[in-house]
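What follows is a short report on a single structure.
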Protein chains: 2
Amino acid sequence: MARVTISETVPPAADGPGAAAPRPSRRRPERRDPAATREALLQAGAELFALHGFDGTSTDALARRAGVNKALISYHFGGKLGLYRAILAATFEPVRERVVALRATPQPAPEALREFIAVFGETASRRQPAFPAMLVRELITPGSPAVSELRPYLVDVLGTVRHILERGVRDGQFREVDPLMTHLSMVGALAFFFATGPARARIVASMPPALKVQPPSADAFVRHMQDLMTLGLAKRPGRS
Amino acid sequence: MARVTISETVPPAADGPGAAAPRPSRRRPERRDPAATREALLQAGAELFALHGFDGTSTDALARRAGVNKALISYHFGGKLGLYRAILAATFEPVRERVVALRATPQPAPEALREFIAVFGETASRRQPAFPAMLVRELITPGSPAVSELRPYLVDVLGTVRHILERGVRDGQFREVDPLMTHLSMVGALAFFFATGPARARIVASMPPALKVQPPSADAFVRHMQDLMTLGLAKRPGRS
DNA sequence: GAATTAATCAACCGTACGGTTAATAAACTA
DNA sequence: TAGTTTATTAACCGTACGGTTGATTAATTC
C-alpha cells in the first residue's frame, strides 16, 4: 500500500529553498478531507498550469503533485478543464478586487497609478505567483477554453486604469494619452516581467560566470515601472 | 495564388472546437518541389506554433495546413521538434540582424531608441507576425525544448538596447536608468501588445456593440511606446 | 450500530498523438 | 533508356493522455 506516514493535516505551503525539481508537494493525511483535496489540486494546478500551460500539464502530473488520486480531479472539478477554470477564477478574482478598490482612492492620479503598479507587483511576486503567466498564456492562446471567462476581470482592471488616467488628464497631471494603449503597455510590461522571471533566472544560470548579472528584484522593477510611467505620462509645462 | 485544392483526404468538417477556418495555405503542385515543401511547413508551423504552442499543435494539423504529408515533417526536419527549432531560428534571426544593425547608428540615443521600437513593431506587424507570440511563449515555458537556442538572440538584442541606453546616459539625454529593467519593460510591453493582438480582437468582437472600442493600430502603439519611453527616460522633460 | 452517503483508489478504456515503414513515383544520372 | 537517388504516400505502431468504472473505505445519519 502506498499509504505513507501521516505528516500534516494542513497544507504546509512552505516552499523549500531554491528550485527543487520534482518535489511531491503534498502528502495527504490518512483521514479524508475533501476540502484539503480540492485545495491541494488548486495549488498544484496553479503551479503546473502556469509553468507548462493547459495542454502541457497532464492529469497524472497534477494528481502526483497534489498527492491525490487522478480520479479526484473529475470527482471534485468535473475534469481537467473544470479544475483549470476554478484556478483561473481563484487567481484572478483577488487581483480584480484589489485593483478595483483603487478606483475610489483619494490620492492624486499619479499616486494612484503608482499604487496600481505596486498592487500588481505584490500580487505577482507574493500573493498569486501564477497570475502573470496564466494571464499571458490565456491571452496568447486564442481558442483557449477559458478566454471568455477572463473577460470580466480584464474589463474591470482596464476600467480602473482608464479611470485613473482620465482623472490625471482632467487634473492636468497627465498629458493627453490613449488610456487603452497606456494600460496595455503598463500591464504588458509588468506581466511580461513576472511571467518570464523563471526563464530569465534559467538563462543567467546557464551563462558563464563572467557575464552574469544578478536579476532585478520584483520591488526594484515595480519602482522602475512607477518612475517610467509617471514620468512618461507627466504633463510637461511647455507643450500643446 | 489560391490554386486547386487537391483531393481533400481529410473529413471536410469538424476541425476541432472553435478552430478558425482551416484554409489550405499551400497549393500542391503536380510536380515535386522539396524546397516548397519545406517552406510550406515552415510557414504553417510559424502560424500554428505561434497560435497554439508546441504542445497544442499536432503534426496532423501541421501537415494539413501545409498541404503536405505528415511523414514529410520527419523527412525534412527530423520531427516536430526539428521543425520547431528551424522555425525559431528563421523567426529570430532576421530580427536580430535588424536590431544589431542599430548599434552603429549615428543618431542620438533617443532617436536610436525610437528606431528600435519601430523595428520591433514593423517586424511584429508585417515581417514576422509569429515572432512576438513565439518569444513570449518560449519565455514563459521553462523546460521548453528550445530556450537554450534562444539565448544568443536575446543576448544580442539586450546588448544593443543597453548600448543605446548607456550612450544616452553618457550624453546627458537619459536619466540614470537600469538598462536591463528598461529593456525588459520596453520589450515586454511591445511583445505583450503584439502577441495578444488576436485575443484582444476576439474579446472586443464578443462585446456588446455599445461598449466596443476600435483596437489600436500597430503604428499607433509604436508611436505610443516611442513617446512613453523617450519621455520616461528623459533627463529633463523637454526634448525627444 | 446498521444503513447510507461521500470520498478515494487501482485498474481499465478509447483515442489521439508523434513517429516509422514499406511501397512507389518522380527526379536525376550516366 | 536503364539504374539510382530523392521525395512522397497511406498504413501502421506503441504510447501517453483524459476520463470512467466498480470496488472499497471513511464519514454521516438515524
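Labels below follow one simple rule: chain letters A, B, ... track the order of the sequence lines, proteins then strands, and each chain is numbered from 1. Bear in mind that the values here come from a model prediction, so they are computed numbers and not experimental data.
Between the CG atom of A:Asp33 and the P atom of C:dA7 there is a distance of 10 Å, rounded to whole Å. For A:Arg32 and D:dA26, the CZ to C1' distance is 4 Å, given to the nearest whole Å. The CG-P distance, from B:Asp60 to C:dT15, rounds to 16 Å in whole Å. Going from atom NE2 of A:His52 over to atom P of D:dA16 covers 17 Å, rounded to whole Å. One atom, CZ of A:Phe77, and another, P of D:dG18, lie 16 Å apart when rounded to the nearest Å. Regarding B:Leu72, its CG atom lies at a distance of 15 Å from the P atom of D:dT6, rounded to whole Å. Atom CZ of B:Arg38 and atom P of D:dA7 are 7 Å apart (whole Å). Taking atom CG of B:Leu62 as the reference point, atom C1' of C:dG18 lies 11 Å away to the nearest angstrom.
In this structure, B:Phe54 and B:Phe49 have parallel ring planes: the angle between them is below the 30° cut-off, well short of the 60° mark. Aromatic ring pairs are classed by plane angle as parallel below 30°, tilted from 30° to 60° and perpendicular above 60°; the pair B:Phe194 and B:Phe221 is perpendicular.
For A:Arg202, the CZ atom is loosely surrounded, since the number of other residues' heavy atoms within 6.0 Å does not exceed 12.
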Self-check item: A:Arg103/A:Asp156 under salt bridge (Lys or Arg N to Asp or Glu O under 4.0 Å): CA gap, chis, key distance, verdict
Solution: CA-CA 10 Å; A:Arg103 246 186 137 102; A:Asp156 277 4; over 6 Å; no

Look for any protein N or O under 3.5 Å of an N or O in nucleotides 19-21 of chain D and output each such pair with its distance, or none.
{"unit_1": "D:dG19", "atom_1": "OP2", "unit_2": "A:Lys80", "atom_2": "N", "d": "3.0"}
{"unit_1": "D:dG19", "atom_1": "N7", "unit_2": "A:Lys70", "atom_2": "NZ", "d": "3.2"}
{"unit_1": "D:dG19", "atom_1": "O6", "unit_2": "A:Lys70", "atom_2": "NZ", "d": "2.2"}

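You'll find that the side chain of A:Tyr75 is closest to C:dA6, out of C:dA6, C:dC9, D:dT8.
Residues passing the side-chain contact (heavy atoms from CB on, under 4.5 Å) test with A:Ala63, sequence neighbours excluded: A:Lys70.
From A:Leu51, atom CG reaches atom CE of A:Met134 across 11.5 Å, with rounding to the nearest 0.5 Å.
Ring pair B:Phe131/B:Phe120: centre-to-centre distance below 6.0 Å.
At the phosphate of C:dT8, OP1 or OP2 sits under 4.0 Å from a side-chain N or O atom of A:Thr37. Dashed line: the shortest gap from a side-chain N or O of B:His76 to OP1 or OP2 of D:dT8 is under 4.0 Å.
Residues of residues 83-90 of chain A that place a heavy atom closer than 4.0 Å to DNA chain C do not occur.
Nearest heavy-atom pair across A:Arg137 and B:Ile140 is NH2-O, 2.8 Å.
With B:Phe193 as the aromatic partner, B:Arg200 meets the cation-pi criteria of under 6.0 angstrom to the ring centre and within 45 degrees of the ring axis.
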